[in-house]
Every structure is written in structure tokens, then in C-alpha cells.
*Asks:* 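Right, I'll just put the structure down here and ask away after.
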Amino acid sequence: MYLAQQKQLEERLRSALRNLYHIDVESVVLEQPPDLAFGECATPLAFELARKLRKAPRKIAEEIVAALGTVPGFAAFEVAGAGYINARLDRAALVQSYAIDLAPASESRSGQLLHALVEHTSINPNKAAHVGHLRNAILGDTFVRLLRAAGHKVDVQNYIDNTGVQVADVVVGLTHLEDLSLAGVEEVISELADSGERIDFYCWDLYARVSQWYTADPAQAEARKKIRLDTLHAIEAGGNESAHIAELVSTAILRRHLETMLRLDIEYDLLPRESEILHLHFWDLAFAQLKAKGVLYFETEGKNKGCWVMKRAGSTRTGDALRDPDENGDAADGPDEDAKVIVRSNGTVTYVGKDIAYHLWKFGLLGRDFAYRRFFRYDDRECWISAEAGEPNHPHFGGAQAIYNVIDSRQSDPQANVIEALRGLGYTEQASRYTHFSYEMVALTPRCALELGYDVLEEDRARPYIEVSGRKGFGVKADDLIDKLIAATRAEVDSRHPELSEAERDATARAIAVGALRYFMLRYTRNSVIAFDFKDALSFEGETGPYLQYAVVRTRSIFRKAGTTPEEALTALEGVDVAPYLSGEGTEGIWEVWLRAAKTTLLLDQCIQTAEPAYLAKHAFQLAQDFSNFYRLHHILSEENPARKKLLLAAAAVTQRELIRSLAWLGISAPEVM
RNA sequence: GGGCGAGUAGCUCAAUCGGAUAGAGCACCGGCCUUCUAAGCCGGGGGUUGUGGGUUCGAUUCCCGCCUCGCCCA
């Protein structure tokens, strides 16, 4: 709702500027003043114009205000300070219109609706998911929810690198360290399943062991390196024992990853796999396009001699200019040593090359498709997996208009190269709708690492954080963290609500645990490194998920005791003169709740535009805080003035509606009691 | 060596295109459970925004130099 008022005001300001000074401004800055006493909305427009118009800002502000006249939704405009233009909303009108619910999509839509493809999680299927993967999956899943809330069609993909070196390492571990054949591996998998153990946990340790084994004995290092490489090549080629073991174990681990993520209400539509990208020869088609358009060229000299290379993203050199002396005669002469190798001189394609092919598919530009099989069943839908030969009636995947790749910031270089290749192929529209949704890693605090029993080097103990490493088996496993969170919340729920049934206590504890974890991963902006510590992650007080859930629970309690529902409370507001209770003595905190609640869709838009879910997390927290303040100042159930009581009850209702909505977008549900 | 990101309260983080008195949480200190749930609320102490310059009416924000840390590339 508030978004509509802002747009209205912006339009009127623009037209006032055109009429008064015959100027068009690029953007109109609208911000909230530091204190509501100044109004709800302000613009420093007059300051910017002062120089251009050779006039005092205050004078300009006065002229603009005079020219504005009345604007629907606003009660007054005034000039403040040296030249701020402050706007006061028509509070009663906003409250009345906001009491009527609107679907967020209908008002937040600022651009066209797109078919978007979000790829996230993408864990190598060779070990258990850890906290870093949780950040990825939670960010990605939350962004999916935001896009869907705004009305976009979204496909969720989880890319599986099942033929990479990490999987090869586990296969080496199984065949050489554990000395297992294919049948032996099948047996181990079923034994683990029978005893309730997690295959991904088993491989977590095995992976760390094999990594160590490669270099443990210098005399054997060369031979073991060869085993590793041979295994990798066998897996890539397919149709042999190593490939079968890889398929078996990576698929079992993949299922575990899906189960882990499902604990956090994270689901996928499709699992495209590296093996199909290889076996269906996606690269051949991409290679032909890249050569035809001159994006790739064959290097004939220098260190990349014999390779197919492309200009690196950000490089000023262009492919064609490389061979021709520059006009000034300096530079661009000789091979571009900085060029990115796409096909090595031995004919193998690099990871970036395969990624280009895959992204052409995502945009529907490759000219070939996967086959598909059903893989994992959710309550209300199916998750499909890529295949060489699949089922006949599958949904259509790929061919998206916009893509978002949730990948940590260490991958920004290869991501930039894929975008560069798309642009080089002439797909500029697609390149501009390709978002590397990057985020910083989750690292461990030295204290946390010591707590977990890892050796921490003396020089690392003073550092703020230490990078996790799957190869070293160093990190916090996702399921372990979720288990701990549930154990902690369950104990608390048991002591607070012994009257609830076992199932209810279970569901409540789980909701709170998920809320704590998801909020923890979302409260940090993307480019901030999270230094993980159990103390912070297991906290349920202050700026945490449970704090937000608690605010909802309080509103629920109010409606239970009032014998009404939020919907009824909002409907009952119709025709009530609420203006006397929205400003002045004794009304503190009431309007703040309405204003904050009204901004939810504004935040939805902002989060999508900036690909930053943290803003919504912060907004929801602030709404809960505003409600807590309101809750303290105004006792709703004992209110004697009927009109005022209706407004207070409606304020609780609108808080509940917007908090539940915001929490749902964050993937957090609010329990009935807690 | 090149590229990207970061440096804000004791700690962990915010701060919308450059805007009004730089905000939260944690920790610490002091209060509040016999009125709608204390996973809560109120109050308090805490800041030369790494550093030196520049641009501007106005800089945590933009530009340049330097220092420190992280990541990526070669």
C-alpha cells in the first residue's frame, strides 16, 4: 500500500518540477525522516536543485510545496530545516485502506513478470552438507519465495556435479581405502541405512581420509595421484565399475541432501547433473556457437598455444584486435596471456566451458534438452532429475528469461566469464538478466573449532574466523546443527508447554528451530562473512527468528482471548473514525505499527531489486519490535473506548498478517503457542 | 603482480542514489511477571566510522594515496 503512495508523490514532484522549472530529474529520492514528527516521507530534492537553479534550497522547497497542491493519500507538506520537503500521510485513510488486504503481487509489481530460474544449494554429492551449504540453500530458497510472492514464475534448480574430482575422491576411498567392489559398496549403503546412519556423514570422514592418503606417503604420492586421475576419467567416461560406484554413492548422498534441506522446508523442481551435460554433448553445440561468433579463438603462440581461449571478463582487449597492431602501436600485439582457456591443448574442456553450455540451455539457446526422470517426491509435487533417457511426460524446464545463480563470492571470476561469453554470442538481453547471487562464506570462529575438537594452529587462534574445508573434514555439518537446534527448542517447549501433545510439542520445537536457523542465515547481508559460533546460532533472544515468532504468538493469544479473529477485527474497522487515535497524546506506538506494516511490499520490491533478502529479515524484526512497544503501551483487551479498541485490535491483526506474510517469505512459520 | 570484497560501540552486524541526532542485537549495570505469553519490556554506560588528503551546502557512503584482513586470478 505504502508503495502506491510513494509512487503517487514521486509523480507529483516530477510534474511540479516540470511546471516550475522545466526540468526532469532522473530520480526522486524519498526517505523516511529520522523522527515521525517530521512526517512519514521526505525528500532533499531542493538541495540538489539549489546549484542548478541558483536559488536558496529553502526557497525552492517552498515553491515546490506551493505547486504540489493536494496529493491523494497525503495530508500536508511542509518545508523543514534548510530545505527538506516533508510529507505527512493521511493516516486515517491509510489505515482504512490498509485494513483491506491486498495480494502483494498486485501492488509490488514494478516491472514485467518473468519466468525466472533460481539455482542454489549445488553441493558436491560426496559428503554431508555443512553450514556454508545451509547459507546458500536458505538464501536461494528465500529468494525463490520472494520472487514468487511478487508474481514471477520460478523454477528451482539444484545443480549436481556428480562427475567431478570430489566424487572421484570418495570412489577412490571406497575402492582403495575400504577395498570395496560395487557389490561391497551396495552392502555398505544398505548397512548404513539399516542402522540409521547417514551415508553422507560416513563419506564426510572418508573424504577427509582419502585427501590425506594422497600425500601421506611421499613414495606413493605419484601413484596415488594417478589412481585419482584414472578414477576421475573413468567416471567421466561412464559404463564401468568406478562410474557405477560413483553413480550409486553420489545418488545416495544426493537423497540425503534433499532430506536435510527438506527439514528446512527447502524444495527443488529439477536436479540437472553434470553427467548428462557430458553424455548429451552439450559442449559440442556450445563450442560450435562460440567458434562461429568468434568468442573463442585458437591461440597459436605463447603459454596458451594450442588452446581455445576467450577474452577474460573485464579485459580491455578484444578478440579481433589481438592479432592487429593497435592504432597507437602499443599493446594488443602478441598473445593475450591473460585470456581464459576454455579448451585445453589436450582437447579437454574446462569447467567454464561446460558452464557456458549449461547456461545456454538455461536460457533456451543451446538447441538441445535433457531427458528427465522423477527423483524425489514432496507432499505436493515432484522433483525431477536429468537423464539421458527419461520419462515421456515431464514438465518443461529451461528456457528462462532471468536466471539467478546462488554461488559464493569465490566463484565470481568464472561467473563473470560465463556472462562475458553470453554477451560475446550476442545474447546481451540474457546477459543482463544473469545474476550471480553471490554471498560470502560461513567460517568458524576459532573458539567454535576448538569446541568441536579440531586442532587449531596457534596463528589461527587470534583470527576472527577460519575457513571450513570439506577436504579436511573441517566444518559443522548441517544435520548436526539442525539436531542441536531442535534438541534445544524441544527442551524449552517441553518445560513451557507440558499440556501440549507430543506431536504438537514436536512441531512447535521444529518450527522454532527452523526459524532460528533461517533467520540467523538471513540477517547478515550477503557480502558479510559469517563467523559461525554455536552461541550465536543457538540463541533465541534478541534479533532472532524466535523473537519474530513470539510477536506473532502474542497476537494469536490476544485474538483467542478476545474471542475474535484478525480478519473480523480488520473488517470491523470499516466506518470507524480512527483519526483521533493516530496522533497526539496517548496514541504513541499505534501509528508506528500501521506504518511499518504498510511497508512490507515496499521491502519485497527492494529485496528483489537488490537480490538482498536481509532487508526483509530486518524489516520483519523492526515490525516485531514496533509491536512489542505498542503491546506495552496499549492494553487492548481492557480498552473501554469502543472505537479505540477496534483500532488497537486491528493494529494487532495487521501486525499478525504482515509478520506471518514476511516470515513465510523468509521460510519461517509461526507456531500457535511458544 | 592483477582483480574483487571488507575495515563502523568490548563482540556480531545495520545504515536505501550523498542527507536531519551513525542504529540494532549480544555482553555489562539497574529496574519490571497478581492486567492480552518475561523466548518479552523499560532505563544506563559505551563511537575521532582503519588512516591521510580531495570533491560537496552536507561524506560511514563518492574520488586518490597509504595500512590491515579475506577471497579469486596469474
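Nothing here was measured: the structure is a model prediction, and the numbers come from that model. Below, read A as the first sequence line, B as the second, and so on, with proteins coming before strands; counting in each chain starts at 1.
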*Asks:* Going by the salt bridge (Lys or Arg N to Asp or Glu O under 4.0 Å) test, which pairs reach into residues 586-598 of chain A, not counting sequence neighbours?
*Replies:*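 For residues 586-598 of chain A, and leaving out neighbouring residues, the salt bridge (Lys or Arg N to Asp or Glu O under 4.0 Å) pairs sorted by first residue read A:Arg596-A:Asp626.
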*Asks:* Give the intermediate values and the outcome of salt bridge (Lys or Arg N to Asp or Glu O under 4.0 Å) for residues A:Glu420 and A:Lys340.
*Replies:* CA-CA 11 Å; A:Glu420 186 66 22; A:Lys340 180 72 194 169; over 6 Å; no
*Asks:* Can you say whether the rings of A:Tyr454 and A:Phe474 are parallel (under 30°), tilted (30 to 60°) or perpendicular (over 60°)?
*Replies:*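 If you compare the ring of A:Tyr454 with that of A:Phe474, the planes turn out perpendicular.
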*Asks:* Between atom CG in A:Asp533 and atom P in B:rC13, what is the gap in whole Å?
*Replies:* 11 Å
*Asks:* Need one value for A:Lys303: base, sugar-phosphate or nothing, where a base atom within 4.0 Å counts as base even if backbone is also close, heavy atoms only.
*Replies:* sugar-phosphate
*Asks:* Quick one: pull up CG in A:Leu30 and CD in A:Gln6 and give me the separation to the nearest 0.5 Å.
*Replies:* 5.0 Å
*Asks:* Measure CD/A:Glu543 against P/B:rG25 and give the value in whole Å, please.
*Replies:*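 Interatomic distance, CD of A:Glu543 to P of B:rG25: 8 Å.
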*Asks:* If I pick the P atom on B:rG40 and the same atom on B:rA27, what distance separates them, to the nearest angstrom?
*Replies:* 10 Å
*Asks:* Return the stacking result for B:rA20 and A:Tyr84: yes when the ring centres lie under 5.5 Å apart and the planes under 30°, no otherwise.
*Replies:* yes
*Asks:* With sequence neighbours left out, what residues match A:His497 under side chain to side chain contact (heavy atoms under 4.5 Å, CB included)?
*Replies:* A:Glu499, A:Leu500, A:Val673
*Asks:* To the nearest angstrom, how far is A:Glu40 atom CD from B:rU16 atom P?
*Replies:*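 To the nearest whole Å, that distance equals 21 Å.
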*Asks:* Of all the nucleotides listed (B:rG19, B:rA20, B:rC73), which has the minimum atom distance to the side chain of A:Pro34?
*Replies:* B:rA20
*Asks:* As a test of reading the structure: which of B:rU35, B:rA24, B:rA39 is closest to the side chain of A:Met674, going by heavy atoms?
*Replies:*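 Nearest nucleotide to the side chain: B:rA39.
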*Asks:* Counting heavy atoms from C-beta on, name the nucleotide in B:rC73, B:rU12, B:rG40 closest to the side chain of A:Asp413.
*Replies:*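 Taking heavy atoms from C-beta onward, the closest nucleotide is B:rC73.
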*Asks:* In this structure, how many angstroms lie between the P atom of B:rC33 and the CZ atom of A:Arg632, rounded?
*Replies:* 15 Å
*Asks:* When you match A:Lys561 and A:Glu31 each to their closest nucleotide on RNA chain B, which lands nearer the 5' end?
*Replies:* A:Glu31
*Asks:* Please report, rounded to the nearest Å, how far the C1' atom of B:rG2 is from the NZ atom of A:Lys340.
*Replies:* 15 Å
*Asks:* Could you report the tightest heavy-atom contact between A:Arg135 and A:Met441, atom names first, then the distance?
*Replies:*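 Closest heavy-atom pair between A:Arg135 and A:Met441: NH1-O, 3.5 Å.
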*Asks:* Measuring from atom CD of A:Glu63 to atom CD1 of A:Ile60, what distance do you get when rounded to the nearest 0.5 angstrom?
*Replies:* 7.0 Å
*Asks:* List in chain and number order the residues that pass side chain to side chain contact (heavy atoms under 4.5 Å, CB included) with A:Ala416, two or more places apart in sequence or in another chain; answer none if no residue qualifies.
*Replies:*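 A:Ala416: side chain to side chain contact (heavy atoms under 4.5 Å, CB included) contacts with A:Ala313.
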*Asks:* To the nearest 0.5 angstrom, please state how far the CG atom of A:Leu649 sits from the NE2 atom of A:His634.
*Replies:*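 Rounded to the nearest 0.5 Å, the CG-NE2 separation comes out at 13.5 Å.
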*Asks:* Tell me which pairs pass side chain to side chain donor-acceptor pair (under 3.5 Å) where either residue lies in residues 41-52 of chain A, with sequence neighbours left out.
*Replies:*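 Found none.
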*Asks:* Does B:rC4 have its OP1 or OP2 closer than 4.0 Å to a side-chain nitrogen or oxygen of A:Gln411?
*Replies:*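 No, A:Gln411 has no side-chain N/O under 4.0 Å of OP1/OP2 on B:rC4.
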*Asks:* Kindly express the pairing pattern of RNA chain B in dot-bracket notation, using | wherever a base pairs with another strand and counting only Watson-Crick or G-U pairs under 3.5 Å.
*Replies:* (((((((..((((.....[...)))).(((((.......))))).....(((((..]....)))))))))))).
*Asks:* With sugar-phosphate meaning primed atoms plus P, OP1 and OP2, does A:Ser409 contact a base, only sugar-phosphate, or nothing at under 4.0 Å between heavy atoms?
*Replies:* nothing
*Asks:* Search all heavy atoms of A:Ser662 against all heavy atoms of A:His619 and return the closest pair with its distance.
*Replies:*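 Minimum heavy-atom separation between A:Ser662 and A:His619: OG-CD2, 4.3 Å.
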*Asks:* Just checking A:Asn86: base, sugar-phosphate only, or nothing, at a heavy-atom cut-off of under 4.0 Å?
*Replies:*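 Result for A:Asn86 = base.
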*Asks:* Reckon A:His436 touches a base, only the sugar-phosphate, or nothing at all at heavy-atom distances under 4.0 Å?
*Replies:* nothing
*Asks:* Quick check on B:rC41: is either OP1 or OP2 less than 4.0 Å from any side-chain nitrogen or oxygen of A:Tyr547?
*Replies:* yes
*Asks:* Compare the minimum distances between each of B:rC36, B:rC42, B:rG19 and the side chain of A:Pro44, then state the nucleotide with the smallest one.
*Replies:* B:rG19
*Asks:* Please give the distance between the C1' atoms of B:rG30 and B:rG23 as a whole number of Å.
*Replies:*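 Nearest-Å result for B:rG30 against B:rG23 at atom C1': 23 Å.
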*Asks:* Can you list everything that forms a side chain to side chain contact (heavy atoms under 4.5 Å, CB included) with A:Asp506? Sequence neighbours excluded, please.
*Replies:*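 For A:Asp506, the residues satisfying side chain to side chain contact (heavy atoms under 4.5 Å, CB included) (neighbours in sequence not counted) are A:Arg490.
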*Asks:* For nucleotides 6-10 of chain B, print each protein N/O atom paired with a nucleotide N/O atom at under 3.5 Å, atom names and distance only.
*Replies:*
from: B:rA6; atom 1: OP1; to: A:Asn527; atom 2: ND2; distance (Å): 3.4

*Asks:* Between the protein and nucleotides 68-70 of chain B, are there any N/O to N/O pairs under 3.5 Å, and if so, what are the atom names and distances?
*Replies:*
none

*Asks:* Looking at CD1 of A:Ile64 and CG of A:Leu45, how far apart are the two atoms once the value is rounded to the nearest 0.5 Å?
*Replies:*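 Here the rounded value is 5.0 Å.
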*Asks:* Partners of A:Tyr524 by ring-ring contact (aromatic ring centres under 6.0 Å, His included), sequence neighbours excluded?
*Replies:*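 Testing A:Tyr524 for ring-ring contact (aromatic ring centres under 6.0 Å, His included), a comparison that skips the adjacent residues, returns A:Phe520.
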*Asks:* Of the options B:rC36, B:rG40, B:rA15, whose atoms approach the side-chain atoms of A:Tyr615 most closely?
*Replies:* B:rA15
*Asks:* Let me know, please, whether A:Arg410 or A:Glu672 comes out on the 5' side of the other along RNA chain B by nearest nucleotide.
*Replies:* A:Glu672
*Asks:* Counting the atoms with a prime plus P, OP1 and OP2 as sugar-phosphate, which does A:Val341 contact under 4.0 Å by heavy atoms, base, sugar-phosphate, or nothing?
*Replies:* nothing
*Asks:* With sequence neighbours excluded, tell me which residues meet side chain to side chain contact (heavy atoms under 4.5 Å, CB included) with A:Glu612.
*Replies:*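 A:Glu612 satisfies side chain to side chain contact (heavy atoms under 4.5 Å, CB included) with A:Thr525, A:Arg526, A:Thr610, A:Ala614, A:Tyr615 only.
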*Asks:* Could you work out which one of B:rU12, B:rA39, B:rC36 sits closest to the side chain of A:Tyr524?
*Replies:* B:rU12
*Asks:* With a 4.0 Å cut-off on heavy atoms, is A:Leu30 in touch with a base, just the backbone sugar-phosphate, or nothing at all?
*Replies:* nothing
*Asks:* Base, sugar-phosphate, or nothing: which does A:Ala82 touch, judged by heavy atoms less than 4.0 Å apart?
*Replies:*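 Nothing, no heavy atom under 4.0 Å.
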*Asks:* If you draw the axis of the six-membered ring of A:Tyr631, does the NZ or CZ of A:Arg554 fall within 45° of it and under 6.0 Å from the ring centre?
*Replies:*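 Output yes; distance and angle both within limits.
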*Asks:* Of the non-hydrogen atoms in A:Gly353 and A:Ile342, which two are nearest, and what is the gap between them?
*Replies:*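 Smallest interatomic distance, heavy atoms only, reads CA-CG2, 3.7 Å.
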*Asks:* Examine B:rC36: is either OP1 or OP2 under 4.0 Å from a nitrogen or oxygen in the side chain of A:Arg556? Give yes or no.
*Replies:* no
*Asks:* Describe the nucleic acid contact of A:Ser412 in one word from base, sugar-phosphate, nothing, applying a heavy-atom distance below 4.0 Å.
*Replies:* nothing
*Asks:* Looking at B:rC41, I'd like to know if its phosphate oxygens (OP1 or OP2) sit under 4.0 Å from a side-chain N or O belonging to A:Ser628.
*Replies:*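 The answer is yes; a side-chain N or O of A:Ser628 sits under 4.0 Å from OP1 or OP2.
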*Asks:* Looking at RNA chain B, which of residues 484-498 of chain A put a heavy atom within less than 4.0 Å of it?
*Replies:*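 Output list: A:Glu492, A:Val493, A:Arg496.
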*Asks:* Considering only side-chain heavy atoms of A:Arg312, which listed nucleotide, B:rC36, B:rG40, B:rC73, is closest?
*Replies:*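 Per side-chain heavy atoms of A:Arg312, the pick is B:rC73.
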*Asks:* Heavy atoms only, 4.0 Å cut-off, all strands: where does A:Phe559 land among base, sugar-phosphate and nothing?
*Replies:*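 No contact.
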*Asks:* Answer yes if the ring centres of A:Phe38 and A:Tyr84 are under 6.0 angstrom apart, and no otherwise.
*Replies:* no
*Asks:* Compute the ring centroids of A:Tyr404 and A:Phe437, then answer whether they are less than 6.0 Å apart.
*Replies:*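 When the ring centroids of A:Tyr404 and A:Phe437 are compared, they turn out to be at least 6.0 Å apart.
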*Asks:* Between the protein and nucleotides 56-63 of chain B, list the N/O to N/O atom pairs that are separated by less than 3.5 angstrom.
*Replies:*
from: B:rC57; atom 1: OP1; to: A:Arg51; atom 2: NH2; distance (Å): 2.9

